[in-house]
Every structure is written in C-alpha cells, then in structure tokens.
Amino acid sequence: SGVREERSNRILDAFNAVSGKIDAIYKALTKSAAHPLGGTAYLTLEDDGSGSDEPHKGGCKYTAMPPTKRFRDMDQLSGGERTVAALALLFAIHAYQPSPFFVL
C-alpha cells in the first residue's frame, strides 16, 4: 500500500543519510597525532529472513573499529570506545535531522 511504501522510503532515506555520515564523524572523533586516520564505523541493514521489502523489520547493525584494533562486536569494546561510537551515531543522526538542543 501507499503508506507502507512511504514508510519504507523514509526509513531508507534516513538510514542512507546517517550511514553516509557516520564514518567521517567517527574518524574525526578518533583521529589523533598517533593515529591520523582514525577509526572506521558503518551501519548495515539486517535481513529478517522473511523476504519482506520493508527495511525496518530486520533492524540495523552498527559496527565501530577504533584505531589499531581489529574487527570486534560492540559488546567487546571498552566503555570509552563504546561511548565514542555512540557519540558518532548521535552526531550522524543530528546531521540528518537537527534538533534545537540535546538533553543527555
């Protein structure tokens, strides 16, 4: 129906916008003199296995790799590394749809 198609389009627009900005923001947050390239972060859409054309049903996975670290699940990162990754996601969402203020 039209509502489902509009919902899917809006979700994909938001996902693509946030996904397109998150790596640059994470790199900027993790860049240092010792690690001039910073880390890497990306979002991927998960498949729910039903063959549905609705992207929100499977969810998304957020992966962040701090500088000089190998790929790990988010739950294996330290608290500080997870905090920086969360801030990068928050700033990427804010870049897509800014709000006048944050309450943390």
Side-chain angles (χ1 to χ4, degrees):
S1 77
V3 173
R4 284 187 180 162
E5 186 175 325
E6 178 67 22
R7 178 178 58 201
S8 293
N9 289 339
R10 286 184 181 210
I11 290 171
L12 283 176
D13 287 346
F15 176 82
N16 290 332
V18 171
S19 181
K21 294 203 179 277
I22 198 157
D23 188 49
I25 292 170
Y26 188 74
K27 282 184 187 321
L29 290 174
T30 57
K31 195 183 314 185
S32 68
H35 309 290
L37 297 178
T40 303
Y42 57 90
L43 290 171
T44 54
L45 284 174
E46 297 285 300
D47 184 15
D48 67 345
S50 69
S52 172
D53 61 346
E54 296 181 14
H56 63 281
K57 289 201 172 181
C60 65
K61 182 164 178 77
Y62 179 32
T63 305
M65 290 180 283
T68 71
K69 299 255 178 136
R70 285 191 248 158
F71 173 78
R72 293 185 184 157
D73 282 334
M74 289 294 268
D75 59 348
Q76 293 179 344
L77 297 177
S78 73
E81 292 166 341
R82 279 186 277 189
T83 300
V84 171
L87 285 171
L89 181 59
L90 183 69
F91 294 154
I93 292 169
H94 181 74
Y96 170 66
Q97 200 163 33
S99 63
F101 60 90
F102 282 155
V103 177
L104 299 176

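Note that this is a predicted model, so its numbers are computed, not measured.
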**Study point:** Donor-acceptor contact present, side-chain Thr30 to main-chain Pro66, <3.5 Å
**Key:** no

Check your understanding: Considering residues, nucleotides and ligands other than Lys27, do more than 12 of their heavy atoms fall under 6.0 Å from its NZ?
Key -> yes

Check your understanding: Distance from Met65 atom CE to Thr40 atom OG1, nearest 0.5 Å?
Key -> 5.0 Å

Review point. Atom CG in Leu12, atom CG in Leu45: separation rounded to 0.5 Å?
Key: 6.5 Å

Point to revise | Distance (rounded to the nearest 0.5 Å) between Ile11 CD1 and Phe15 CZ | key: 11.5 Å

Check your understanding: Is there a side-chain contact between Lys69 and Glu81, using heavy atoms and a 4.5 Å cut-off?
Key -> yes

Check your understanding: Would you say Lys31 and Leu37 make side-chain contact, with heavy atoms under 4.5 Å?
Key -> no

Point to revise | Which atom of Pro67 lies closest to which atom of Gly38, heavy atoms considered | key: CG-C, 3.8 Å

Exercise for review: Taking all non-hydrogen atoms of both residues into account, name the closest pair between Ala95 and Lys21 and its distance.
Suggested key: CB-CD, 3.5 Å

Review point. Is there a side-chain contact between His94 and Ser99, using heavy atoms and a 4.5 Å cut-off?
Key: yes

Exercise for review: State the CG-CD1 distance between Leu89 and Ile22, to the nearest 0.5 angstrom.
Suggested key: 4.5 Å

Review point. How long is the gap from CG on Leu43 to OH on Tyr62, to the nearest 0.5 Å?
Key: 7.0 Å

Practice item. Would you indicate whether the side-chain heavy atoms of Tyr26 and Leu87 approach each other to under 4.5 Å? Key: no

Review point. Does CD in Gln76 sit with more than 12 non-hydrogen atoms of other residues, nucleotides or ligands closer than 6.0 Å?
Key: yes

Exercise for review: Search all heavy atoms of His35 against all heavy atoms of Thr68 and return the closest pair with its distance.
Suggested key: CE1-CG2, 3.0 Å

Check your understanding: How many angstroms lie between atom CE of Met74 and atom OG1 of Thr63, to the nearest 0.5 angstrom?
Key -> 7.5 Å

Check your understanding: With distance as the sole test, does Asp23 use its side chain to make a donor-acceptor pair with the main-chain N or O of Tyr42 at under 3.5 Å?
Key -> no

